[in-house]
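To start, the structure under review is shown below, and the notes come after it.
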Amino acid sequence: MNEINIIRAVAEEGYQISPEAAELIKASDVSGLLLEYVLSTIDESVFVIEAEHIDLAGFAASRVEGVAGATDVAGSMGASSESAISEEDRNVPGSDFGRDSVSDEIERLSVSGDPFLPDAVSGPVSDAVSDHVSDQVPDSAAGSKFVSGSVPGALPDPVPASGAGSDPVLSAPSGPAGRANSASGSGNSLLFSAPSPASRDRPFSAVSSGRASASSSSSPTSVVRSIGGPNPVTVLSDITGHSTCVGEYMQFVQYFRDRYSRLSEIIRGRINARPIESLKGRSFRRGRGEKGSEEISIIGMVSDTSTTTNGHRILSLEDPTGSFPVLIRNSEKELFELSSRLLLDEVIGVTGSVTNDGGLMMASKIIQPDVPNSALRRTGAKGKVVLISDVHVGSAQFMEDSWLNFLDFLKGDSDSEALKKMAGEVRYLVVAGDLVDGIGIYPDQEKELTILDVYEQYRKAAEYFWEIPKHIQIIISPGNHDAVRQAEPQPALPERIREHFPPNITFVGNPSLVDLDGVSILIYHGRSIDDLVASVPGVSYQEPAGAVLEMIKRRHLAPMYGSRVSIAPEKKDYFIIDPVPDIIHTGHVHTLGVQRYKNVLLVNSGTWQAQTEFQKRVNLMPMPAQVPVVDLADFGVTILKFDE
Ligand code: D5M
Ligand code: ZN
Ligand code: FE
């Protein structure tokens, strides 16, 4: 196999591969078989296949095992969950799969070595165990998202430099990102494998020490575009026309550095954190007889969570200088509860004490970036903004009658005087994605479409929007059913589609931050809500604003990398919630939800699509034709129903 074929084959399975690893496979005289073997045995937390993931000895052994073994390996191609390596094999100490045994040993070590632990086991820690454990915790950042090894991700479709004149990409979601979406221990076991000399030699590691440099991204508050007039619109942050992403390996490193440096900066205002590297090999022991030990803080990205045999939780925290295990004791109820809600890849601060051997931090406090406590802002603005999403024009379930009632309302054609009055106050309409149903978005979708051509769907949508009074400024941002790349951030709809729409529409990307006469609205379609519902206890489709609450506590719209949301590694992390907006408007899950958190209004708008066959199967009850209308002066919300 040549290199291109190898890269393509691994990409099809949702992985990337380093040049060294590709070279290693290419050099084999049975390169096709070796590749199959690698793909069938790779740990699912790995996203970039490195040379150290290629187990030549294991491959040779599997071939000796004979026909049955070989068939097994070949048969598992494409069914990536099937592994030729048994669970027992994975837990052999010292193997790349040995995370569980290692964390158990950390448990033993810390339990016996630390007087704070209530269920301490007796006996001194043997040097052998201690050495073994510290060997397993890498002392360099090799294998980290910041430097090499475990950078996850798909190769996203490139975004045209400008949305204008280019054909939309109608591909299915790219990428695998085959990582389990539960935060319970399925994360990145690479952090616990000994760093290989090869990865230490990487060019990236030259820049790995010290704090992440100030991000190269543009300031989030610089103005991108502006429209004047009585209902002014200013776009503050939007990917459209600014994509630099071609999916190259180094870009993932840059992306994670930007994510880390900006989120850690928010936390750094509240704790005095030190680089993880500085914890290594240091003794934090105070003088004999002194109570307690020195409290220190670190800020890192959660790269793994696991549960010890005694039911405590171990987090792996990673910063650009290294990674470090943090133990959360189950006796600390509040802390433990918070830790159960943590997601892989979110950035947190932890304060705690480091065990005597310097190998483990016992957490006493977890700090999420969150938003400052402050009073509701007075805006000075008047009038209303109407928030909708998930119109799904072209779907057989599109509720056209209700939608036409809604258009009548906007036109001031309601029977009710109150509605007429309210319509007169509407200055803005924001659409947070899935304007049309698209085609080829999910299997058998065409059976549920009334308009089979995506451009026809947009032409129909445009007709509706021409009916809306021209003084209402409309903002349209795309979603996963729209005709732009699936990888997020998504650019605005292309000119070929925009040209059908009236001039009072500003097309923006997903996500986007816009300012409407002094009120800032962060618009995000909300695909990550599917991940949050799956991973955070208590977050449900019935109360979607609860998912948005989890986003704002993390100051990030899609904290988990590589589950349902395929994130393109742009230089700037467009998902970071900074500055804190007045309103966060999401959609996608077809249910309505409104919450207030500190000074931010969180609104998930519903849909105009009745329950689809798929949604029936998963018991998702949409809340169609209900419209939140927000008062720009006091952020009061009125829900209007158009479903009769
Ligand atoms: O997605 C609406 C909601 O339904 C959202 O929670 C995802 C879920 N959904 C819809 N179709 C599918 C398929 N085929 N697989 C998985 N999840 C799905 P929307 O993007 O607005 O259609
Ligand atoms: Zn939708
Ligand atoms: Fe959607």
Side-chain angles (χ1 to χ4, degrees), residues 170-178 181 387-400 402-403 430-451 454 457-458 461 476-490 493 509-512 523-536 539-548 550-551 557-558 560 563-567 585-593 603-627:
L170 291 171
S171 64
S174 59
N181 48 32
L387 305 177
I388 63 168
S389 64
D390 299 276
V391 189
H392 290 270
V393 174
S395 162
Q397 281 82 20
F398 169 55
M399 296 170 58
E400 192 180 31
S402 302
W403 174 254
V430 180
V431 186
D434 287 358
L435 178 55
V436 301
D437 208 47
I439 50 164
I441 307 292
Y442 59 86
D444 290 337
Q445 186 192 13
E446 55 291 348
K447 293 180 188 157
E448 293 195 80
L449 290 177
T450 51
I451 306 174
V454 70
Q457 294 176 359
Y458 282 108
I476 296 182
S477 145
N480 53 308
H481 285 255
D482 284 295
V484 289
R485 74 168 179 185
Q486 288 286 316
E488 299 178 10
Q490 299 176 290
L493 290 169
N510 170 42
S512 279
I523 307 162
Y524 176 52
H525 180 59
R527 200 144 191 211
S528 65
I529 298 173
D530 289 325
D531 287 333
L532 292 164
V533 167
S535 306
V536 184
V539 173
S540 75
Y541 286 117
Q542 268 48 60
E543 201 7 290
V548 187
E550 298 299 326
M551 296 178 197
L557 295 169
M560 281 176 75
S563 273
R564 288 176 183 76
V565 189
S566 169
I567 295 181
H585 174 203
T586 52
H588 181 58
V589 295
H590 295 201
T591 49
L592 183 77
V603 179
N604 198 93
S605 49
T607 180
W608 298 89
Q609 185 185 40
Q611 196 179 39
T612 64
E613 282 306 314
F614 170 82
Q615 290 163 355
K616 258 181 219 155
R617 284 203 297 278
V618 298
N619 215 8
L620 194 147
M621 283 304 296
M623 301 182 192
Q626 301 186 33
V627 178

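Any value given below was found using the heavy atoms of this structure, including those in side chains, with hydrogens, waters and symmetry copies removed. In listed order, ligands and their atoms are each counted from 1.
When distances to the Fe ion (ligand 3) are checked against a cut-off of 2.8 Å, N480 contributes an N, O or S atom below that limit. Taking backbone and side chain together, D390 holds no N, O or S atom under 2.8 Å from the Fe ion (ligand 3). Residue side and main chain included, H588 places no N/O/S atom under 2.8 Å of the Zn ion (ligand 2). Here H481 does not reach the Zn ion (ligand 2): none of its N/O/S atoms is less than 2.8 Å from the metal.
P489 and P511 get closest at one heavy-atom pair: CB-CD, 3.9 Å. Looking at every heavy atom in both residues, G479 comes nearest to H525 through CA-CG, 3.5 Å. Of all non-hydrogen atoms in A545 and G593, the two that sit nearest each other are CB-C, 3.8 Å. The minimum heavy-atom distance between N604 and G587, with the atom names listed, is OD1-O, 3.1 Å. Among all heavy-atom pairs drawn from N510 and S477, the shortest one is CB-OG, 3.8 Å. Between D482 and L493 the shortest heavy-atom distance is CB-CD2, 4.1 Å.
With the Fe ion (ligand 3) as vertex, H525 NE2 and H588 ND1 subtend 90°, rounded to 10°. Angle subtended at the Zn ion (ligand 2) by D434 OD2 and H392 NE2: 100°, rounded to 10 degrees. Vertex the Zn ion (ligand 2); arms to H590 NE2 and D390 OD1; angle rounded to 10 degrees, 100°.
Ligand-side atoms of ligand 1 in range of D390: 21 (O), range being under 4.0 angstrom from any heavy atom. The ligand atoms of ligand 1 that sit less than 4.0 angstrom from a heavy atom of H481 are 19 (P), 20 (O), 22 (O). Listed by number with element, the atoms of ligand 1 under 4.0 angstrom from any heavy atom of Q615 are 2 (C), 4 (O). Below 4.0 Å from some heavy atom of Y442 lie the following atoms of ligand 1, by number and element: 14 (N).
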Worksheet item: Do W608 and D390 pass the side chain to side chain contact (heavy atoms under 4.5 Å, CB included) test, and can you show the C-alpha distance, the side-chain angles, and the key distance before you say yes or no?
Response: CA-CA 6 Å; W608 298 89; D390 299 276; over 6 Å; no

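Among D530, N480, D531, the single residue meeting the side chain to side chain donor-acceptor pair (under 3.5 Å) criterion with R564 is D531. For the side-chain contact (heavy atoms from CB on, under 4.5 Å) test with Y524, the passing option among H585, E488, H588 is E488; the others fail.
Between the side chain of Y442 and the main chain of F614, no donor-acceptor pair closer than 3.5 Å is present.
Using modelled atom types, one finds no donor on one side chain facing an acceptor on the other under 3.5 Å when comparing T612 with E448. A donor-acceptor contact closer than 3.5 angstrom links the side chains of D437 and Q445.
In this structure, atom 2 (C) of ligand 1 lies nearest to the protein heavy atom H588 O, 2.9 Å. For atom 16 (C) of ligand 1, the nearest protein heavy atom (residue, atom name, distance) is F614 CZ, 3.2 Å.
Considering backbone and side-chain atoms alike, N480 places an N or O below 3.5 Å from some N or O of ligand 1. The distance criterion of under 3.5 Å between nitrogen or oxygen atoms is not met by Q609 with respect to ligand 1.
Looking at D530 against ligand 1, only its side chain comes within 4.0 Å, counting heavy atoms. Only the side chain of H392 comes within contact range of ligand 1, with a heavy atom under 4.0 Å; no backbone atom does. Under 4.0 angstrom from ligand 1, the non-hydrogen atoms of L620 all belong to its side chain.
No other N/O/S atom of D434 lies as close to the Fe ion (ligand 3) as OD2 does.
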